[in-house]
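When a ligand or atom number is given, it counts from 1 through the structure's own listing order.
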Amino acid sequence: MSGTPFPTGTILGYPRIGRRRELKKAVEAFWAGRITADELEATAAELRAATRERLASLGLGRDDSSIPESFSFYDQVLDAAVAVGAVPARLRRLQADDGSVDLAGYFTIARGEGADAPFEMTKWFDSNYHYLVPEIAPDTDFRLASDRLVRQVREAADAGFRTRPVVVGPVTFLLLSKAADGAPEGFRPFDRLADLVPVYAELIAALRAAGAEWVQLDEPGLVSENVEVPRAEVLEAARSTYASLGAVAGRPQIFVAAPYASLGDALPVLLDSPVEAVGLDLVRGEVPAGVSTDKVLVGGVIDGHNIWRGDLEAAWAKLEALRAVSPRVAVSTSTSLQHVPHDVEDESKLSARLTSWLAFADQKVRQVVTLATALERGADAVRAELDAATAALEDRRTAAGVRDGAVRDRAAALTDADFARTEYGIRLAAQETALDLPPLPTTTIGSFPQTSDIRRQRARLVRGEISEQEYVDAMRAEIARVVELQESIGLDVIVHGEPERNDMVQYFAEHLDGFAVTENGWVQSYGSRCTRPSILWGDVSRPAPITVEWSAYTQSLTPKPVKGMLTGPVTILAWSFVRDDQPLRDTANQVALALRDEIADIEAAGIGIIQVDEPALRELLPLKLADQPDYLDWSVGSFKLATAGAADATQIHTHLCYSEFGVVIDAINALDADVTSIEAARSRMDVVADIESSGFGRGIGPGVYDIHSPRVPSVEEVGELLDIAIGAIPQRQIWVNPDCGLKTRGYDETVASLTNILEATRAARESLAVSV
Ligand code: GLN
Ligand code: ZN
């Protein structure tokens with residue numbers, strides 16, 4: 001088929017939350033009942049209109065399909081599920097007769113309500129974005145059940161735009177889905193592909209009828225390895241799907257985008273299919289060798305994951321190399337820009353020099369436009385822009401702080417001994433003597449409720465309404481309250497509650513050299529939840545102790561052991577925008593050395609237990625199996641470098657925020673922490689089986705309190721969970737703790753839950769004493 005050509009420059013998607021998180025605010029106002037569905041729709045339409053105008057002003061065409069229609073109220077996978085009628089039986093009452101789901105129903109699926117549990121949430125490829133997992137059954141009634149995207153294409157047309165609607169592709173949709181509860185053993189959502197594809201056929205035809213010349217089907221599922229579906233089946237699915245969609249009468253032209261890694265053996269499949277354009281991630285993947293095609297190849301050479309201005313000349317070179325593969329090359333971002341903040345120009349506090357090295361979404365759009373001009377008119381037409389980017393890169397390479405001689409010398413002098421502690425048995429004996437804890441010791445993960453009063457004090461400090469000293473005094477008073485509360489409840493290992501931390505990563509970023517923090521650099525984590533990652537731009541060092549005074553003050557208040565609290569190197573990297581000019585291993589080790597010094601100072605202040613949180617350990621796990629061993633090597637290595645300076649008698653704890661213990665058991669074991677706490681309550685201790693079968697031999701605290709829910713677990717319930725643990729794991733290893741930190745909970749539930757946990761623990765200790 002022939003049609004209007006693919007635009008020379010485009011982006012795979014744009015942030016949806018709004019420059020000042022307008023969408024978040026509107027959505028939350030809707031949830032709270034402060035605005036109506038119509039008002040929320042109106043705000044969303046304004047945001048979409050503003051985005052289109054913005055993208056046009058940055059140089060994308062108004063009518064050449066270069067502007068993606070990539071809005072979502074909550075999540076693009078949920079949008080696809082709702083569009084194809086994939087609502088599980090348990091929520092079917094949310095669907096109208098025509099299969100459609102209104103906004104309230106949509107948010108019920110996303111967030112749950114009353115007895116309706118939400119869709120599960122999980123990580124979107126190797127980004128920090130989380131999507132909702134559709135639930136598919138053998139009888140899921142796939143049908144075109146939403147005209148939302150069609151209406152958006154028309155809305156754009158009414159404003160004078162011809163946009164390119166973006167939808168999660170059918171293969172990826174099913175690969176990311178899970179079998180609905182009650183589906184027969186062995187049923188795979190993927191097996192429903194033949195029933196789903198006709199709905200996509202109908203959808204793309206409807207989009208064409210609404211005026212779309214091109215549609216973008218996102219198929220990142222083709223780049224990653226899936227344990228459930230063998231590769232050969234995935235490739236066959238791609239072949240048959242795009243053969244079918246290619247044969248749809250009156251269809252738009254199809255652009256299949258494959259972000260997050262290289263397509264590998266799926267590339268020839270797509271090149272053989274009837275689709276008109278294929279998007280390649282040339283940041284994570286390479287320019288393909290040994291193939292040629294006359295399809296449009298869309299080179300994703302501008303990094304959608306990070307915030308660096310980067311090497312524009314190198315990006316251009318990749319496009320030139322791609323021209324050897326196809327005569328029709330276009331330029332794009334490697335992924336949707338949903339992973340980066342809106343605009344560097346919204347930052348007033350970053351140094352001009354650092355700013356000149358950065359590119360947020362709007363700057364990346366400009367880079368795409370520059371390279372599109374180069375594709376159309378030759379590199380000379382954009383020589384000034386290419387040279388300016390190269391000059392900025394050169395400036396960054398040589399800037400003070402990016403390379404710090406002392407930091408580098410120290411890292412270069414590391415030996416294997418710096419990464420290893422004494423053998424566990426010796427440590428355990430020393431710790432038992434030093435700490436004298438009861439069986440089944442109780443503790444928490446670190447944070448106590450972040451009350452509005454705490455947040456107000458911090459805001460007043462930022463606005464200069466109170467002095468640093470007044471702030472410290474307020475936080476100390478909070479710590480004293482939290483210590484007293486823990487003592488009265490009877491917890492064995494005391495925490496300070498982390499009131500002084502705005503965020504477990506940003507707090508450290510603000511106190512370490514080599515980091516910068518932004519004012520408006522929000523990115524969507526999931527739904528209305530946004531984070532503001534710090535920017536790790538230079539060599540990392542610790543100008544002064546960070547947490548030591550807080551921990552020492554806490555210990556001065558109680559005879560019980562206090563647990564010092566740090567965020568680990570992998571998590572600090574995972575939740576920041578990290579420099580791209582050296583291996584992550586090197587960056588992680590610099591952070592680790594700063595933490596190692598902090599640990600030494602905490603020990604010197606008389607603290608015998610230190611927890612180093614690594615909730616993101618699994619999150620950074622690479623998509624390709626072949627890349628995983630190297631990752632596990634450096635990530636585990638950096639944790640060990642941070643902690644291995646501790647004395648034998650110092651008990652090192654770690655905390656991991658998820659329950660898929662099995663997936664990374666070897667890594668968790670290799671961390672060599674004395675005590676590991678993990679999430680377990682939600683899955684009713686499923687994880688205990690993995691712990692048992694792995695023979696994990698050190699301290700382990702499977703959570704007994706699901707802190708993601710306001711529910712207070714009863715004494716009996718906690719007792720049952722403890723029994724499961726005690727039945728499978730040697731009692732000497734078991735710790736008793738909640739699933740995660742308590743910062744998002746209220747005080748009433750926290751006190752009630754911890755009180756029940758202690759009562760259940762006392763009962764368990766008594767029955768253990770009887771049975772010995
Ligand atoms: N220590 C942190 C807290 O208690 C850990 C949070 C986390 O793992 N996400 O809040
Ligand atoms: Zn956690």
Side-chain angles (χ1 to χ4, degrees), residues 121-123 128 130 442-451 454-455 475 478-479 482-483 485-486 491 493-509 525-526 529 531 533 546-547 550-551 554 562-576 595 598-599 602 607 609-620 635 639 642-643 652-661 664 668 671 673 675-683 687 700-709 735-747 749-750 753-754 757:
M121 197 167 63
T122 194
K123 237 170 74 75
N128 285 340
H130 296 73
T442 55
T443 190
T444 60
I445 306 304
S447 59
F448 268 69
Q450 281 260 342
T451 59
I454 295 174
R455 284 198 294 267
M475 293 302 116
E478 176 68 23
I479 290 172
V482 167
V483 170
L485 176 65
Q486 293 171 83
L491 285 148
V493 172
I494 305 295
V495 298
H496 78 291
E498 305 177 21
E500 79 289 5
R501 303 188 188 177
N502 41 9
D503 171 275
M504 65 186 286
V505 170
Q506 190 179 333
Y507 179 74
F508 288 91
S525 169
Y526 65 88
R529 186 70 73 92
T531 62
I546 303 169
T547 66
W550 299 111
S551 293
T554 312
V562 164
K563 180 162 69 168
M565 199 60 59
L566 302 174
T567 302
V570 182
T571 300
I572 289 181
L573 259 59
W575 295 350
S576 303
L595 294 171
E598 182 75 6
I599 290 176
I602 299 173
I607 311 289
I609 305 182
I610 300 166
Q611 178 169 307
V612 180
D613 291 324
E614 282 293 18
L617 182 67
R618 196 192 62 130
E619 200 169 296
L620 276 194
S635 59
F639 181 90
T643 53
I652 298 292
H653 289 219
T654 189
H655 166 69
L656 310 164
C657 266
Y658 44 85
S659 54
E660 295 96 331
F661 192 79
V664 278
I668 295 173
L671 293 178
V675 179
T676 302
S677 60
I678 47 169
E679 180 178 311
R682 258 198 181 184
S683 60
V687 57
I700 180 88
V704 293
Y705 164 27
D706 173 11
I707 59 86
H708 298 103
S709 149
W735 282 67
V736 182
N737 46 256
D739 267 355
C740 193
L742 302 165
K743 62 179 161 242
T744 56
R745 296 270 57 91
Y747 259 105
E749 327 139 37
T750 295
S753 300
L754 293 179
I757 289 174

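Panel detail: the Zn ion (ligand 2) has protein N, O or S atoms under 2.8 Å away, 3 in number.
Listed for the K123 side chain is no donor-acceptor partner under 3.5 Å among the backbone atoms of L620. Using a distance-only test at 3.5 Å, with no hydrogens or angles considered, no donor-acceptor pair links the side chain of E614 to the main chain of I668. For the pair D739 (side chain) and A680 (backbone), a donor-acceptor distance under 3.5 Å is present. Panel note: side chain T571, backbone A616; a donor-acceptor pair is recorded below 3.5 Å. Of the possible donor and acceptor atoms, none in the side chain of Q611 sits under 3.5 Å from a partner among the backbone N and O of H655. The closest donor-acceptor contact from the side chain of S447 to the backbone of L742 lies under 3.5 Å. The backbone N or O of V505 sits nowhere less than 3.5 Å from a side-chain atom of T567 that would complete a donor-acceptor pair.
Among residues two or more places apart in sequence or in another chain, the salt bridge (Lys or Arg N to Asp or Glu O under 4.0 Å) test is passed with R745 by E749. With sequence neighbours excluded, no residue satisfies salt bridge (Lys or Arg N to Asp or Glu O under 4.0 Å) with E498.
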Measure and list all N/O to N/O distances between ligand 1 and the protein that fall under 3.5 angstrom.
unit_1, atom_1, unit_2, atom_2, d
ligand 1, 1 (N), I445, O, 3.1
ligand 1, 1 (N), E498, OE2, 2.8
ligand 1, 1 (N), D613, OD2, 2.6
ligand 1, 4 (O), I445, O, 3.3
ligand 1, 4 (O), S447, N, 2.9
ligand 1, 4 (O), S447, OG, 3.1
ligand 1, 8 (O), H655, NE2, 3.3
ligand 1, 10 (O), S447, OG, 2.7
ligand 1, 10 (O), K743, NZ, 3.0

